[in-house]
Amino acid sequence: MAGSAFAESDFKPAVVIPVYNHEEAIGVTLVDVLSYGYPVLLVDDGSSSECRDLLVQLSEQHADWVNLIRLEQNAGKGAAVKAGLRQLFQEGYSHAVQVDADGQHDLQDLPLFMATAKDAPEALVIGYPRYDKSVPAHRYYARYLTHVWVWINTLSLAIKDTMCGFRVYPLAKTVEMLEQESCGDRMDYDTEVIVRWAWRGFSVRNLPTRVIYPIDGVSHFNVVKDNILISRMHARLFFGMLLRLPGILRNKFNG
């Protein structure tokens, strides 16, 4: 870790999993994560009583490794992730790995994500998907529109994907940024937080990871509402990029 004052002993990661009515998948996802020996924070985003009761049961069953916080009303994936990041930072963790609850992510890559974050502790480590045949075609092609907007709004091709929810945050820098800038609370969060990270000239590491779409998976993506939300986000970021253009160019040319 040349050029960094970050000591190996300072690396204290945990996993944050936002959950909203994923009672069919969260048990398997949690067991898979725990097999790697990392503490877990479950964030219940105002789930139904069935899912809420299961999360309480899981947190009690794995009390040595799992904590649970609850948002009383559904506030969105972004709001749940942000609540989890702030909580872990307050508890003294240095890094948080975001993992989706629905079983999409190949958790065999978790050690690689952790090792990359440990090697580059100031970088945001982001996964970019390698899909199998389970991916819906419309989602596969539609996400490229977001890629194009991200490349425009960051004036860079360095970020390979912003919609994959498998990533590692350096908590101190991330929480500070979230206190200073507004990021979306719902499906717009995953992309917006990375763009705003790039605007500050912070580094990213891209890691390929396998992503599947389970046949019985639960998706909370609303085609109309969330596409409108994401379109507004891209427009907001575009005008934000124009306002920050001198600083973005300065960071770009300064490496």
Side-chain angles (χ1 to χ4, degrees), residues 12-22 26 29-30 33 38-47 51-52 55 59 66-102 104-105 113 117 121-127 146 150 153-154 159 161-200 202-204 219-222 225-226 228-230 232-234 236-237 240:
K12 186 181 178 183
V15 178
V16 59
I17 307 178
V19 186
Y20 178 58
N21 293 344
H22 288 104
I26 184 56
T29 300
L30 179 61
V33 171
Y38 297 109
V40 176
L41 176 63
L42 299 173
V43 183
D44 179 2
D45 185 21
S47 296
C51 184
R52 177 193 64 207
L55 293 176
S59 66
V66 177
N67 285 328
L68 171 65
I69 61 174
R70 175 174 171 80
L71 306 184
E72 290 304 319
Q73 296 182 346
N74 175 249
K77 178 185 178 182
V81 172
K82 287 187 282 188
L85 297 182
R86 292 182 173 114
Q87 179 71 25
L88 290 175
F89 183 61
Q90 290 176 3
E91 293 177 3
Y93 290 96
S94 66
H95 290 74
V97 184
Q98 176 185 333
V99 173
D100 286 354
D102 58 8
Q104 288 190 33
H105 299 148
F113 276 69
E122 299 298 325
L124 177 60
V125 181
I126 53 179
T146 283
V150 168
N153 289 333
T154 61
I159 298 170
D161 189 279
T162 61
M163 301 183 75
C164 179
F166 196 179
R167 55 185 64 174
V168 189
Y169 299 92
L171 281 173
K173 293 171 69 173
T174 304
V175 170
E176 180 182 23
M177 184 182 75
L178 292 174
E179 294 300 322
Q180 295 173 355
E181 300 197 36
S182 174
C183 286
D185 284 336
R186 296 190 176 274
M187 294 297 184
D188 48 349
Y189 166 79
D190 280 339
T191 293
E192 185 165 11
V193 71
I194 292 179
V195 171
R196 292 185 180 278
W197 180 272
W199 281 351
R200 293 185 168 221
F202 296 161
S203 62
V204 299
S219 173
H220 299 298
F221 188 89
N222 184 297
K225 290 183 179 179
D226 285 321
I228 291 174
L229 186 70
I230 290 171
R232 288 176 175 172
M233 173 203 66
H234 288 313
R236 183 170 66 249
L237 291 176

Find the distance between [atom1] ([X]) and [atom2] ([Y]) and round it off to the nearest 0.5 Å.
X: Phe113; Y: His95; atom1: CZ; atom2: NE2; result: 13.5 Å
X: Asn67; Y: Leu88; atom1: CG; atom2: CG; result: 8.5 Å
X: Asn153; Y: Ile159; atom1: CG; atom2: CD1; result: 10.0 Å
X: Lys12; Y: Leu171; atom1: NZ; atom2: CG; result: 11.0 Å
X: Leu68; Y: Gln87; atom1: CG; atom2: CD; result: 10.5 Å
X: Phe166; Y: Asp161; atom1: CZ; atom2: CG; result: 13.5 Å

Checklist line | Non-neighbouring partners of Lys82 that pass salt bridge (charged side-chain N to carboxylate O under 4.0 Å, His left out), sequence neighbours left out | finding: Asp185
Looking only at heavy atoms, what is the nearest atom pair of [X] and [Y], with distance?
X: Ala83; Y: Leu71; answer: CB-CD2, 4.2 Å
X: Asp45; Y: Ala80; answer: CB-CB, 4.0 Å
X: Asp100; Y: Thr29; answer: O-CG2, 3.7 Å
X: Tyr189; Y: Gly184; answer: CB-O, 3.2 Å
X: Val175; Y: Leu85; answer: CG2-O, 4.0 Å

4.5 Å side-chain heavy-atom contact, [X] and [Y]:
X: Arg167; Y: Val125; answer: no
X: Leu178; Y: Val193; answer: yes
X: Met233; Y: Met187; answer: no
X: Thr191; Y: His234; answer: yes
X: Cys164; Y: His105; answer: yes
X: Val16; Y: Tyr169; answer: no
X: Leu124; Y: Ser203; answer: no
X: Arg236; Y: Glu192; answer: yes

Check: side chain to side chain contact (heavy atoms under 4.5 Å, CB included) between Thr162 and Thr146: does it pass, once the steps are laid out?
Finding: CA-CA 8 Å; Thr162 61; Thr146 283; 3.7 Å; yes
Margin query: Does Val43 form a side chain to side chain contact (heavy atoms under 4.5 Å, CB included) with Val19? I'd like the steps, not just the answer.
Written below: CA-CA 6 Å; Val43 183; Val19 186; over 6 Å; no
Note to self: If you apply the rule side chain to side chain contact (heavy atoms under 4.5 Å, CB included), what do you find for Ile26 with Ile17, and how did you get there?
What the structure shows: CA-CA 9 Å; Ile26 184 56; Ile17 307 178; 3.9 Å; yes
Next item on the list: Using a strict 4.0 Å threshold on nitrogen-to-oxygen distance, state whether Lys77 and Asp190 make a salt bridge.
Entry: yes
Note to self: Keeping Ser59 on the side-chain end and Val66 on the backbone end, is there a donor-acceptor pair under 3.5 Å?
What the structure shows: no
Next item on the list: Indicate whether the side chain of Arg186 and that of Asn74 have a donor and an acceptor atom separated by less than 3.5 Å.
Entry: yes
Next item on the list: Would you tell me whether Gln180 and Arg196 have side-chain atoms, one donor and one acceptor, within less than 3.5 Å of each other?
Entry: no
Item checked: CA sep, side-chain torsions, deciding dist, call: Thr174, Phe89, side chain to side chain contact (heavy atoms under 4.5 Å, CB included) -> CA-CA 10 Å; Thr174 304; Phe89 183 61; over 6 Å; no
